[in-house]
Amino acid sequence: MTSFARAIAAEFAKIFSTRGWWILAIVLFLYIAALAAGLGALIGSVDGASDAFGTGGAEGGTGLAPLIYSFASSVGYVFPVLLGALAATGEFRHQTLTPTFLTNPRRGDVLAAKVIALFVIGLLLGAVALVASVGIGGGVLSLAGIDTAFDDPDTWALIARSLLAMGLWAVIGVGLGALVPSQVASIVIVLAFTQFIEPVLRLAASFADWTETVGQYLPGAASDALVGSSFFTIAGGNAESLEWWQGGLVLVAYAAVTAVGGYFVSWKRDVT
(Lines give C-alpha, C1' and ligand atoms only; values in the text may rest on other atoms or scores of the structure.)
Protein backbone atom coordinates (compact mmCIF):
# COMPACT_ATOMS: atom_id res chain seq x y z
CA MET A 1 0.00 0.00 0.00
CA THR A 2 1.39 3.39 -1.00
CA SER A 3 1.68 6.29 1.44
CA PHE A 4 -1.19 8.08 -0.31
CA ALA A 5 -3.42 5.02 -0.03
CA ARG A 6 -2.55 4.80 3.66
CA ALA A 7 -3.44 8.47 4.03
CA ILE A 8 -6.87 7.84 2.46
CA ALA A 9 -7.44 4.85 4.73
CA ALA A 10 -6.48 6.97 7.74
CA GLU A 11 -9.05 9.61 6.77
CA PHE A 12 -11.79 7.01 6.52
CA ALA A 13 -10.76 5.68 9.93
CA LYS A 14 -10.95 9.17 11.43
CA ILE A 15 -14.52 9.61 10.23
CA PHE A 16 -15.87 6.14 10.96
CA SER A 17 -14.31 6.00 14.42
CA THR A 18 -16.58 8.83 15.60
CA ARG A 19 -20.33 9.04 16.04
CA GLY A 20 -20.79 12.23 14.08
CA TRP A 21 -21.18 10.69 10.63
CA TRP A 22 -23.93 8.22 11.52
CA ILE A 23 -25.78 10.74 13.67
CA LEU A 24 -25.86 13.10 10.69
CA ALA A 25 -26.93 10.20 8.44
CA ILE A 26 -29.85 9.31 10.72
CA VAL A 27 -31.01 12.92 11.04
CA LEU A 28 -30.65 13.36 7.27
CA PHE A 29 -32.76 10.27 6.59
CA LEU A 30 -35.52 11.28 9.00
CA TYR A 31 -35.55 14.87 7.75
CA ILE A 32 -35.77 14.01 4.05
CA ALA A 33 -38.23 11.16 4.68
CA ALA A 34 -40.55 13.50 6.57
CA LEU A 35 -40.40 16.13 3.82
CA ALA A 36 -40.84 13.67 0.96
CA ALA A 37 -43.61 11.69 2.62
CA GLY A 38 -45.33 14.82 3.91
CA LEU A 39 -45.42 16.61 0.57
CA GLY A 40 -46.39 13.44 -1.28
CA ALA A 41 -49.25 12.75 1.14
CA LEU A 42 -50.39 16.37 1.09
CA ILE A 43 -50.50 16.61 -2.70
CA GLY A 44 -52.01 13.14 -3.00
CA SER A 45 -54.86 14.01 -0.62
CA VAL A 46 -56.00 16.96 -2.73
CA ASP A 47 -57.85 16.10 -5.93
CA GLY A 48 -56.03 17.40 -8.99
CA ALA A 49 -53.25 18.99 -6.93
CA SER A 50 -50.56 16.90 -8.62
CA ASP A 51 -51.60 18.30 -12.01
CA ALA A 52 -50.20 21.67 -10.95
CA PHE A 53 -46.72 20.19 -11.16
CA GLY A 54 -47.17 18.90 -14.68
CA THR A 55 -46.30 15.45 -15.92
CA GLY A 56 -42.79 16.06 -17.18
CA GLY A 57 -39.90 13.78 -16.37
CA ALA A 58 -36.83 14.54 -14.38
CA GLU A 59 -34.94 16.02 -17.32
CA GLY A 60 -37.38 18.89 -17.59
CA GLY A 61 -37.38 19.48 -13.88
CA THR A 62 -41.20 19.39 -13.81
CA GLY A 63 -43.51 16.84 -12.32
CA LEU A 64 -44.09 15.99 -8.68
CA ALA A 65 -41.92 12.87 -8.57
CA PRO A 66 -38.60 14.51 -9.58
CA LEU A 67 -39.35 17.40 -7.24
CA ILE A 68 -39.72 15.04 -4.28
CA TYR A 69 -36.72 12.92 -5.27
CA SER A 70 -34.55 16.03 -5.53
CA PHE A 71 -35.14 16.80 -1.83
CA ALA A 72 -32.15 14.53 -1.20
CA SER A 73 -29.78 17.17 -2.57
CA SER A 74 -31.75 20.43 -2.72
CA VAL A 75 -32.55 20.22 1.00
CA GLY A 76 -30.17 17.59 2.30
CA TYR A 77 -26.95 19.09 0.93
CA VAL A 78 -26.28 20.91 4.19
CA PHE A 79 -25.43 17.57 5.87
CA PRO A 80 -22.39 16.62 3.75
CA VAL A 81 -21.20 20.23 3.95
CA LEU A 82 -21.39 20.07 7.74
CA LEU A 83 -19.62 16.71 7.85
CA GLY A 84 -16.83 17.94 5.60
CA ALA A 85 -16.40 21.11 7.64
CA LEU A 86 -16.37 19.13 10.90
CA ALA A 87 -13.79 16.71 9.49
CA ALA A 88 -11.44 19.56 8.58
CA THR A 89 -11.97 21.81 11.60
CA GLY A 90 -11.76 18.84 13.95
CA GLU A 91 -8.13 18.46 12.96
CA PHE A 92 -7.40 21.93 14.30
CA ARG A 93 -9.68 21.70 17.32
CA HIS A 94 -8.26 18.40 18.55
CA GLN A 95 -4.74 19.16 17.28
CA THR A 96 -4.54 15.91 15.32
CA LEU A 97 -2.82 17.58 12.37
CA THR A 98 0.54 17.61 14.15
CA PRO A 99 0.86 13.80 14.49
CA THR A 100 -0.68 13.41 11.03
CA PHE A 101 1.98 15.63 9.46
CA LEU A 102 4.71 13.89 11.43
CA THR A 103 3.54 10.60 9.93
CA ASN A 104 3.02 12.07 6.46
CA PRO A 105 4.87 15.37 5.91
CA ARG A 106 3.30 15.79 2.46
CA ARG A 107 0.55 18.17 3.52
CA GLY A 108 -0.98 18.33 0.08
CA ASP A 109 -1.37 14.55 0.10
CA VAL A 110 -3.08 14.70 3.49
CA LEU A 111 -5.62 17.26 2.27
CA ALA A 112 -6.15 15.39 -1.00
CA ALA A 113 -6.75 12.18 0.96
CA LYS A 114 -9.32 13.96 3.13
CA VAL A 115 -11.03 15.34 0.03
CA ILE A 116 -11.27 11.88 -1.54
CA ALA A 117 -12.50 10.26 1.67
CA LEU A 118 -15.15 12.92 2.27
CA PHE A 119 -16.27 12.78 -1.37
CA VAL A 120 -16.96 9.06 -0.95
CA ILE A 121 -18.70 9.62 2.38
CA GLY A 122 -20.72 12.38 0.73
CA LEU A 123 -21.86 9.80 -1.81
CA LEU A 124 -22.86 7.58 1.12
CA LEU A 125 -24.91 10.38 2.67
CA GLY A 126 -26.44 10.97 -0.75
CA ALA A 127 -27.50 7.33 -0.90
CA VAL A 128 -29.09 7.65 2.55
CA ALA A 129 -30.98 10.77 1.48
CA LEU A 130 -32.14 9.12 -1.75
CA VAL A 131 -33.43 6.08 0.11
CA ALA A 132 -35.62 8.54 1.99
CA SER A 133 -36.70 10.76 -0.92
CA VAL A 134 -37.02 8.07 -3.59
CA GLY A 135 -37.88 5.07 -1.46
CA ILE A 136 -40.29 6.61 1.00
CA GLY A 137 -41.38 9.55 -1.14
CA GLY A 138 -41.91 7.31 -4.15
CA GLY A 139 -43.86 4.84 -2.02
CA VAL A 140 -46.21 7.57 -0.82
CA LEU A 141 -46.72 8.77 -4.40
CA SER A 142 -47.53 5.23 -5.49
CA LEU A 143 -50.07 4.81 -2.70
CA ALA A 144 -51.66 8.12 -3.73
CA GLY A 145 -51.92 6.95 -7.34
CA ILE A 146 -49.40 9.52 -8.61
CA ASP A 147 -46.88 8.61 -11.29
CA THR A 148 -43.52 7.75 -9.67
CA ALA A 149 -41.64 8.11 -13.00
CA PHE A 150 -39.51 5.05 -12.19
CA ASP A 151 -39.85 3.95 -15.81
CA ASP A 152 -38.29 7.22 -17.00
CA PRO A 153 -34.50 7.01 -17.53
CA ASP A 154 -34.30 10.71 -16.68
CA THR A 155 -35.35 9.84 -13.14
CA TRP A 156 -32.35 7.55 -12.72
CA ALA A 157 -30.10 10.21 -14.24
CA LEU A 158 -31.43 12.64 -11.61
CA ILE A 159 -30.65 10.10 -8.88
CA ALA A 160 -27.08 9.62 -10.16
CA ARG A 161 -26.48 13.36 -10.39
CA SER A 162 -27.88 13.81 -6.88
CA LEU A 163 -25.21 11.44 -5.59
CA LEU A 164 -22.53 13.42 -7.41
CA ALA A 165 -23.83 16.68 -5.98
CA MET A 166 -23.76 15.34 -2.42
CA GLY A 167 -20.18 14.16 -2.88
CA LEU A 168 -19.11 17.56 -4.16
CA TRP A 169 -20.85 19.32 -1.27
CA ALA A 170 -18.80 17.25 1.18
CA VAL A 171 -15.62 18.42 -0.59
CA ILE A 172 -16.82 22.02 -0.35
CA GLY A 173 -17.28 21.43 3.38
CA VAL A 174 -13.68 20.23 3.68
CA GLY A 175 -12.44 23.31 1.84
CA LEU A 176 -14.54 25.62 4.00
CA GLY A 177 -13.24 23.94 7.15
CA ALA A 178 -9.68 24.46 5.96
CA LEU A 179 -10.40 28.08 5.08
CA VAL A 180 -12.06 28.75 8.44
CA PRO A 181 -10.36 26.44 10.98
CA SER A 182 -12.63 27.56 13.82
CA GLN A 183 -15.24 24.83 14.15
CA VAL A 184 -17.91 27.10 15.62
CA ALA A 185 -17.36 29.73 12.93
CA SER A 186 -17.51 27.12 10.15
CA ILE A 187 -20.77 25.66 11.43
CA VAL A 188 -22.31 29.12 11.75
CA ILE A 189 -21.21 30.02 8.20
CA VAL A 190 -22.62 26.78 6.76
CA LEU A 191 -25.98 27.10 8.49
CA ALA A 192 -26.34 30.83 7.86
CA PHE A 193 -25.42 30.59 4.18
CA THR A 194 -27.40 27.47 3.29
CA GLN A 195 -30.51 28.20 5.34
CA PHE A 196 -30.81 31.97 5.01
CA ILE A 197 -28.30 33.91 2.91
CA GLU A 198 -28.38 31.93 -0.33
CA PRO A 199 -32.17 31.36 -0.38
CA VAL A 200 -32.66 35.12 0.05
CA LEU A 201 -30.07 35.87 -2.64
CA ARG A 202 -31.71 33.44 -5.06
CA LEU A 203 -35.10 34.99 -4.44
CA ALA A 204 -33.74 38.51 -4.85
CA ALA A 205 -31.87 37.52 -8.02
CA SER A 206 -35.11 36.46 -9.72
CA PHE A 207 -36.43 40.03 -9.97
CA ALA A 208 -34.14 41.23 -12.77
CA ASP A 209 -32.60 39.60 -15.83
CA TRP A 210 -29.00 40.46 -15.00
CA THR A 211 -29.28 39.37 -11.37
CA GLU A 212 -31.01 36.20 -12.50
CA THR A 213 -28.00 35.40 -14.67
CA VAL A 214 -25.64 35.98 -11.75
CA GLY A 215 -27.87 33.96 -9.44
CA GLN A 216 -27.43 30.87 -11.61
CA TYR A 217 -23.83 30.66 -10.41
CA LEU A 218 -24.60 30.57 -6.71
CA PRO A 219 -23.51 27.18 -5.31
CA GLY A 220 -27.01 26.00 -4.43
CA ALA A 221 -28.38 27.07 -7.82
CA ALA A 222 -25.52 25.27 -9.56
CA SER A 223 -26.22 22.14 -7.51
CA ASP A 224 -29.91 22.25 -8.42
CA ALA A 225 -29.00 22.67 -12.09
CA LEU A 226 -26.70 19.65 -11.85
CA VAL A 227 -29.45 17.52 -10.32
CA GLY A 228 -32.12 18.75 -12.71
CA SER A 229 -34.98 19.54 -10.36
CA SER A 230 -35.52 21.49 -7.16
CA PHE A 231 -38.22 23.11 -5.10
CA PHE A 232 -36.31 26.40 -5.35
CA THR A 233 -36.23 26.18 -9.16
CA ILE A 234 -39.97 25.59 -9.34
CA ALA A 235 -40.66 28.35 -6.81
CA GLY A 236 -38.74 30.72 -9.06
CA GLY A 237 -41.28 30.25 -11.84
CA ASN A 238 -39.68 30.57 -15.26
CA ALA A 239 -36.26 31.53 -13.94
CA GLU A 240 -33.48 30.28 -16.18
CA SER A 241 -30.97 27.77 -14.89
CA LEU A 242 -27.71 26.31 -16.14
CA GLU A 243 -27.53 23.04 -18.05
CA TRP A 244 -26.85 20.08 -15.78
CA TRP A 245 -23.24 19.77 -16.93
CA GLN A 246 -22.67 23.50 -16.50
CA GLY A 247 -24.04 23.31 -12.97
CA GLY A 248 -21.70 20.40 -12.31
CA LEU A 249 -18.68 22.34 -13.53
CA VAL A 250 -19.60 25.33 -11.37
CA LEU A 251 -19.97 23.11 -8.30
CA VAL A 252 -16.63 21.43 -9.07
CA ALA A 253 -15.09 24.90 -9.32
CA TYR A 254 -16.44 25.83 -5.89
CA ALA A 255 -15.05 22.60 -4.45
CA ALA A 256 -11.63 23.19 -6.04
CA VAL A 257 -11.40 26.84 -5.00
CA THR A 258 -12.32 26.16 -1.37
CA ALA A 259 -9.98 23.17 -1.09
CA VAL A 260 -7.01 24.90 -2.73
CA GLY A 261 -7.72 28.10 -0.81
CA GLY A 262 -7.88 26.18 2.44
CA TYR A 263 -4.55 24.55 1.68
CA PHE A 264 -2.80 27.89 1.31
CA VAL A 265 -4.68 29.67 4.11
CA SER A 266 -4.31 27.17 6.94
CA TRP A 267 -3.02 23.77 5.84
CA LYS A 268 0.53 24.99 5.12
CA ARG A 269 0.92 27.04 8.26
CA ASP A 270 2.60 25.93 11.49
CA VAL A 271 0.09 23.88 13.48
CA THR A 272 2.28 22.99 16.44
Do [X] and [Y] belong together in a cluster built from hydrophobic side chains that touch within less than 4.5 Å?
X	Y	value
Ile26	Val81	yes
Leu242	Val257	no
Leu123	Trp22	yes
Leu191	Tyr31	yes
Trp156	Ile68	yes

Worksheet item: For Ser142, what residues pass the side chain to side chain contact (heavy atoms under 4.5 Å, CB included) criterion, not counting sequence neighbours?
Response: Thr148
Discussion item. Please determine whether side chain to side chain contact (heavy atoms under 4.5 Å, CB included) holds for the pair Gln216 and Gln246, giving the CA-CA distance in whole Å, both sets of side-chain angles, and the decisive distance to 0.1 Å.
Written reply: CA-CA 10 Å; Gln216 297 177 33; Gln246 293 173 322; over 6 Å; no
Practice prompt. Taking atom CZ of Phe12 as the centre, report whether more than 12 heavy atoms of other residues, nucleotides or ligands fall under 6.0 Å from it.
Written response: yes
Worksheet item: Going through the distances and angles, do Ile32 and Leu28 end up as a side chain to side chain contact (heavy atoms under 4.5 Å, CB included)?
Response: CA-CA 6 Å; Ile32 299 302; Leu28 171 63; 3.7 Å; yes
Quick one: pull up [atom1] in [X] and [atom2] in [Y] and give me the separation to the nearest 0.5 Å.
X	Y	atom1	atom2	result
Tyr254	Leu176	OH	CG	13.0 Å
Ile121	Glu11	CD1	CD	9.0 Å
Leu141	Tyr69	CG	OH	5.5 Å
Met166	Leu130	CE	CG	7.5 Å
Trp244	Leu158	CH2	CG	12.0 Å
Asp147	Leu64	CG	CG	10.0 Å

Discussion item. Clusters formed by hydrophobic residues whose side-chain heavy atoms approach within less than 4.5 Å: which one holds Leu201, and what are its other members?
Written reply: Phe193, Phe196, Ile197, Val200, Leu218
Within the distance-only criterion (no hydrogens, no angle test), does the side chain of [X] pair as donor or acceptor with the backbone N or O of [Y] below 3.5 angstrom?
X	Y	answer
Thr89	Ser182	no
Ser70	Ser229	yes
Thr211	Ala205	yes
Trp169	Leu82	no
Ser266	Ala178	yes
Trp267	Arg107	yes
Glu198	Gly220	yes

Worksheet item: Strictly by modelled atom types, are Lys14 and Thr96 linked by a side-chain donor-acceptor pair under 3.5 Å?
Response: no
Can you see which heavy atom on [X] is nearest to which on [Y], and at what distance?
X	Y	value
Ile15	Trp21	O-CD1, 3.1 Å
Leu118	Ala87	CD2-CB, 4.0 Å
Ser133	Ala72	OG-CB, 3.6 Å
Val180	Ala185	CG1-CB, 3.7 Å
Ala112	Phe4	CB-CE1, 3.9 Å
Ala7	Asn104	CB-ND2, 3.9 Å

Worksheet entry | Pair Asp224 + Arg202: basic N to acidic O under 4.0 Å | yes
Worksheet item: Step by step, would you call Tyr263 with Val110 a side chain to side chain contact (heavy atoms under 4.5 Å, CB included)?
Response: CA-CA 10 Å; Tyr263 174 76; Val110 173; over 6 Å; no
Discussion item. Quick one, Thr155 and Asp152 - any side-chain contact, counting heavy atoms below 4.5 Å?
Written reply: yes
Worksheet entry | Flag side-chain contact, heavy atom, 4.5 Å: Leu251 against Leu164 | no
Item to complete: Tell me whether the centres of the aromatic rings in Phe71 and Tyr77 are closer together than 6.0 Å.
Response: no
Item to complete: Show the numbers, then the answer: is there a side chain to side chain contact (heavy atoms under 4.5 Å, CB included) between Phe79 and Val128?
Response: CA-CA 11 Å; Phe79 290 87; Val128 170; over 6 Å; no
